[in-house]
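Mind having a look at this structure? Questions to follow.
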Amino acid sequence: MAATLSEGGCRRLLQLLLLSRRPGLPLRRAAAGLKLQHSRGTHSRSSTWDVHAFMPESAAFPQVRTYQELLEISVRDPDTFWGVLARERLRWVKPYQTVQDCDFSRGRVNWFLGGQLNVAVNCLDQHVHQSPDRVALIWERDEPGTEVKITYRELLETTCRLANTLKKYGVQKGDRVAIYMSVAPLAVAAMLACARIGAVHTVVFAGFSAISLVGRVNDAKCKAIITQNQGVRAGHIIELKRIVDEAVKSCPTVKHVFVAHRTDNKVHMGNLDIPLEKEMDKADPACDPEIMNSEDMLFMLYTSGSTGQPKGIVHTQAGYLLYASLTHKYVFDYKQGDIFCCVADIGWITGHSYVVYGPLCNGATTVLFESTPLYPNPGRYWEMVQRLKINQFYGAPTAIRLLLKYEDSWVKKYDRSTLRTLGSVGEPINHEAWEWFYKVVGENRCTLVDTWWQTETGGICISPRPSEEGAEIIPAMAMRPFFGIKPVILTEEGRLIQGEVSGALCIAQPWPGMARTIYGDHQRFIDTYFKTFPGYYFTGDGAHRSQEGYYQITGRMDDVINISGHRLGTAEIEDALAEHPDVPETAVIGFPHEIKGEAAFAFIVLKEDTAHTEPVIQEQLKSIVASKIAKYAVPDHVLVVKRLPKTRSGKIMRRLLRKVITDESGDLGDTTTLDDPTVVTEILEAFQKYKQDKSAM
Ligand code: WTA
């Protein structure tokens with residue numbers, strides 16, 4: 001282990017190797033064709049490939065020569081693998097003593113015990129010492145061509161001023177702080193300021209309604225909220241402060257609201273409100289980092305499950321940071337000096353791991369994208385790629401599906417020669433979108449990675465890369481597990497199955513980036529992820545494993561739907577709809593949507609004596625969902641039916657509803673448990689009529 005090569009030396013060696021050949025062309029080209037001609041099953045081991053150049057830390061495993069061997073050792077001997085990586089890649093105040101102490105049966109996940117560090121120091125100070133003027137953030141503001149660059153030195157100072165401001169108003173180690181902001185340098189500084197003083201941030205996506213914000217803030221018992229006077233998106237103003245004003249009326253734990261200024265417009269400032277920039281101007285530009293234990297909480301992020309209210313997924317310090325930074329480097333082939341762009345909002349896990357923590361830990365220049373793919377026109381992304389000289393572009397299939405509807409000239413007129421890696425995340429990418437992204441955007445030469453992961457996994461778990469350059473990539477497939485990840489497939493009865501099969505996707509052993517608990521409800525954590533298949537982490541997704549051992553995600557196995565890459569429980573929408581006094585029963589299911597991937601389809605039963613017409617109620621229901629959850633959660637379709645299909649024990653048979661709307665009513669499967677089978681004909685008729693009325697369906 002003492003024989004670790006210096007990073008600089010390895011990087012130079014790697015550069016030489018890369019210059020000496022044109023990476024992987026034949027296989028990539030083959031992958032883009034409709035007929036794939038890849039060498040099935042094997043990783044072609046190129047003679048020039050050097051595992052120690054690929055991952056300098058692998059020098060600790062002198063016996064390892066190939067990518068496959070490195071992958072194997074990461075799974076077979078995770079303690080050594082992760083132990084070496086944690087020691088080499090993170091800056092510690094005190095080294096850890098125990099690599100891991102995990103027990104899935106108790107939902108116990110601990111990594112790097114005994115170690116102490118500060119995440120903000122890893123993301124900022126270490127780079128400021130080496131190259132203070134390197135650009136940390138490029139804030140791609142809503143209005144194209146008005147980007148703002150922030151160096152590591154500036155980001156450290158901003159973070160420290162914000163941290164001192166929080167401290168001045170009583171925010172302490174362990175306190176929870178909600179961040180309700182659109183994508184901006186101050187939002188990143190707010191996350192890092194919490195990390196610096198040991199407070200726990202919970203970022204709430206700025207598209208969520210006041211009621212959703214209340215639910216999260218109260219569950220987390222947040223002491224403070226950091227927000228902006230207004231947000232700006234696609235030329236529109238979003239009244240963030242006004243939404244916070246409405247929310248805090250119902251948030252007794254909130255003592256202060258820090259208000260940053262994104263626009264020059266004045267907003268009402270009340271008793272709780274503190275003008276953030278003004279306070280920061282007065283604050284000390286240096287702030288001693290709090291010394292944190294590896295397993296202290298770093299942040300929580302609320303995400304939807306199949307039942308109940310969104311749950312606060314907890315991530316801790318060292319393991320999360322290591323996993324985010326390692327996946328960022330290897331999945332995207334990040335090299336120092338690259339401009340990395342993940343267009344996700346910081347309100348989602350993708351923004352946490354691949355806009356903020358992964359890239360900053362690696363000393364990257366990371367782009368903060370404030371706008372939308374169509375603003376001011378469908379060329380926005382690619383004009384930005386040209387202007388900012390972006391090397392890696394990571395986005396969602398929903399945006400790709402939207403953009404491919406426009407002329408290719410919106411892409412082609414911009415120079416995309418800097419691009420090397422393209423990534424897709426959050427939902428299945430269909431073949432048409434994959435091919436367009438690969439061929440039109442990536443000019444058949446960029447590596448395109450379909451990355452599968454979850455809020456709970458902390459970082460990418462299955463992705464075509466890392467692997468040796470040139471190894472095959474199959475379109476629209478996540479394919480290979482990342483280092484240390486051991487995916488398995490189980491039958492519904494919990495039997496582990498080998499070979500080419502489909503079933504429940506589970507992960508068989510812990511990895512440092514995985515969630516530690518659900519805030520305030522560890523039992524729910526155990527029940528949700530470790531009970532269904534004892535001994536395994538259950539992802540909630542189904543998957544198919546090919547003959548070659550590649551994984552294809554087939555979609556959720558529970559009542560979670562994915563609208564434009566945003567995860568949502570159908571139960572949450574049903575709960576919102578149930579608020580309507582004239583709607584005693586509802587059932588919501590996912591419905592395939594050309595652009596959004598999935599949309600919500602609501603079946604509702606009306607009270608017999610309702611005074612409103614159906615269209616009025618449908619509109620009222622939509623606005624209830626927008627105000628209780630968020631606009632994106634609003635069902636595209638609300639169909640009034642007389643009854644819902646129920647079993648004799650009163651359970652709604654959603655499976656039948658799904659068959660009705662996907663035109664599979666010819667094959668309804670077993671309906672013997674239905675209380676009254678004539679209900680299906682009734683619903684089919686209602687649906688046919690609805691379709692005729694809305695000829696667009
Ligand atoms: C889905 C987003 C297919 C999946 C990072 C997962 C995907 C859920 C992919 C997690 C992919 C994510 N292919 N499905 N490449 N990536 N998903 O927590 O159903 O917002 O369980 O995390 O998105 O969504 P979350």
Side-chain angles (χ1 to χ4, degrees), residues 203-205 207-208 299-306 310-315 320 323-324 327-328 331 342-355 357-358 394-401 422-431 433-434 437 448-465 473-482 485 487 504-507 513-515 518 528-529 537-544 550-570 572 590 592 596-598 630 632-633:
V203 182
V204 180
F205 171 57
F208 277 121
F299 67 84
M300 59 174 126
L301 192 57
Y302 284 82
T303 191
S304 296
S306 52
K311 47 203 174 191
I313 299 294
V314 171
H315 284 286
Y320 169 78
Y323 199 72
T327 45
H328 168 253
V331 171
C342 164
V343 290
D345 193 282
I346 49 152
W348 310 114
I349 190 69
T350 309
H352 282 58
S353 300
Y354 302 111
V355 175
Y357 288 113
Y394 192 31
T398 188
I400 301 301
R401 285 192 294 265
L422 303 173
S424 163
V425 60
E427 47 171 327
I429 181 162
N430 51 314
H431 278 264
W434 196 98
F437 202 13
L448 170 46
V449 288
D450 173 13
T451 64
W452 174 88
W453 60 295
Q454 313 175 292
T455 305
E456 295 87 338
T457 68
I460 294 161
C461 286
I462 306 184
S463 159
R465 289 283 187 271
I473 291 185
I474 298 177
M477 199 180 195
M479 296 182 77
R480 303 181 176 94
F482 191 73
I485 300 294
L505 178 65
C506 294
I507 302 180
M514 71 184 296
I518 290 175
T528 311
Y529 304 107
Y537 165 79
F538 175 41
T539 64
D541 280 315
H544 175 80
Y550 296 147
Y551 290 85
Q552 170 98 56
I553 310 303
T554 49
R556 297 290 305 190
M557 296 179 73
D558 52 13
D559 291 321
V560 168
I561 58 174
N562 199 320
I563 304 178
S564 305
H566 303 332
R567 189 170 150 177
L568 211 63
T570 50
E572 273 174 80
K596 298 196 269 190
E598 262 183 309
Y632 75 83

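When a ligand or atom number is given, it counts from 1 through the structure's own listing order.
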inquiry  = I'd like to know if the side chain of Thr451 pairs up with that of Tyr394 as donor and acceptor (distance under 3.5 Å, no hydrogens or angles considered).
reply    = yes
query = Does a donor on one side chain sit under 3.5 Å from an acceptor on the other, for Tyr320 and Ser353?
reply =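 The criterion, which ignores hydrogens and geometry beyond distance, is satisfied for Ser353 and Tyr320.
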ask   = Taking the six-membered ring for Trp, are Tyr632 and Trp348 parallel (under 30°), tilted (30 to 60°) or perpendicular (over 60°)?
value = perpendicular
Pairing of Arg556 and Glu598 as salt bridge, 4.0 angstrom limit = no
ask   = Any non-hydrogen atom of Pro428 lying under 4.0 Å from ligand 1?
value =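 Heavy atoms of Pro428 do come under 4.0 Å of ligand 1.
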request  = Would you please say whether a donor-acceptor pair under 3.5 Å links the side chains of Tyr537 and Thr457?
outcome  =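 There is no such pair (donor and acceptor under 3.5 Å, judged by atom type) between the side chains of Tyr537 and Thr457.
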request  = Considering heavy atoms of the protein only, find what lies nearest to atom 5 (C) of ligand 1 and give residue, atom and distance to 0.1 Å.
outcome  = Trp453 CE2, 3.5 Å
query = Heavy atom under 4.0 Å from ligand 1: found in His566's side chain, backbone, both, or neither?
reply =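 For His566, there is no contact with ligand 1 at all, from either part.
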ask   = So, is Thr455 polar-close to ligand 1, with some N/O to N/O distance under 3.5 Å?
value = yes
query = What atoms of ligand 1 come closer than 4.0 angstrom to any heavy atom of Asn562?
reply =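 Listed by number with element, the hits are 1 (C), 23 (O).
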note = Here the atoms of ligand 1 under 4.0 Å from any heavy atom belonging to Thr350 are 5 (C)
Option from Val425, Leu505, Ile460 for which side-chain contact (heavy atoms from CB on, under 4.5 Å) with Trp452 holds = Leu505
key: Numbered atoms and elements of ligand 1 in range of Ile349, under 4.0 angstrom, heavy atoms   = 5 (C), 22 (O)
request  = List every atom of ligand 1 that sits less than 4.0 Å from any heavy atom of Asp450, numbering the atoms from 1 in the order shown and giving each element.
outcome  =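 Those atoms are 11 (C), 15 (N).
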ask   = Looking only at protein heavy atoms, which one is nearest to atom 19 (O) of ligand 1, and how far off is it?
value = Asp541 OD1, 2.7 Å
query = Does Val560 approach ligand 1 within less than 4.0 angstrom via side chain, backbone, both or neither, non-hydrogen atoms only?
reply =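 Val560 to ligand 1: no contact under 4.0 Å from either part.
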message = I need the single residue from Leu568, Ile561, Asp559 that forms a side-chain contact (heavy atoms from CB on, under 4.5 Å) with Ser304. Which is it?
response =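 Among the candidates, only Leu568 passes.
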key: Shortest non-hydrogen separation from Ser463 to Val449 and the atoms involved   =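 What the structure gives for the nearest pair is OG-CB, 3.8 Å.
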key: Shortest protein heavy-atom distance from atom 24 (O) of ligand 1, along with the residue and atom involved   =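 Nearest protein contact, heavy atoms only, for atom 24 (O) of ligand 1 is Arg567 CD, 3.5 Å.
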ask   = Does ligand 1 have an atom that lies less than 4.0 angstrom from a heavy atom of Gly426?
value =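 In this structure, Gly426 qualifies as a contact of ligand 1 - some heavy atom is under 4.0 Å.
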ask   = Angle class for the Trp453/Tyr354 ring planes (parallel below 30°, perpendicular above 60°, tilted otherwise)?
value =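 Geometry flag for Tyr354 against Trp453: perpendicular rings.
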query = ligand 1 versus Gln454, non-hydrogen atoms closer than 4.0 Å: side chain, backbone, both, neither?
reply = both
task = Using distance alone, decide if ligand 1 has a nitrogen or oxygen within less than 3.5 Å of any nitrogen or oxygen in Thr451.
result =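 Yes; at least one N/O pair falls below 3.5 Å.
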task = Look at the side chain of Asp450 and the backbone N and O of Pro428, then say whether any donor-acceptor pair between them is shorter than 3.5 Å.
result = no
query = Can a non-hydrogen atom of Trp348 be found less than 4.0 Å from any atom of ligand 1?
reply = no
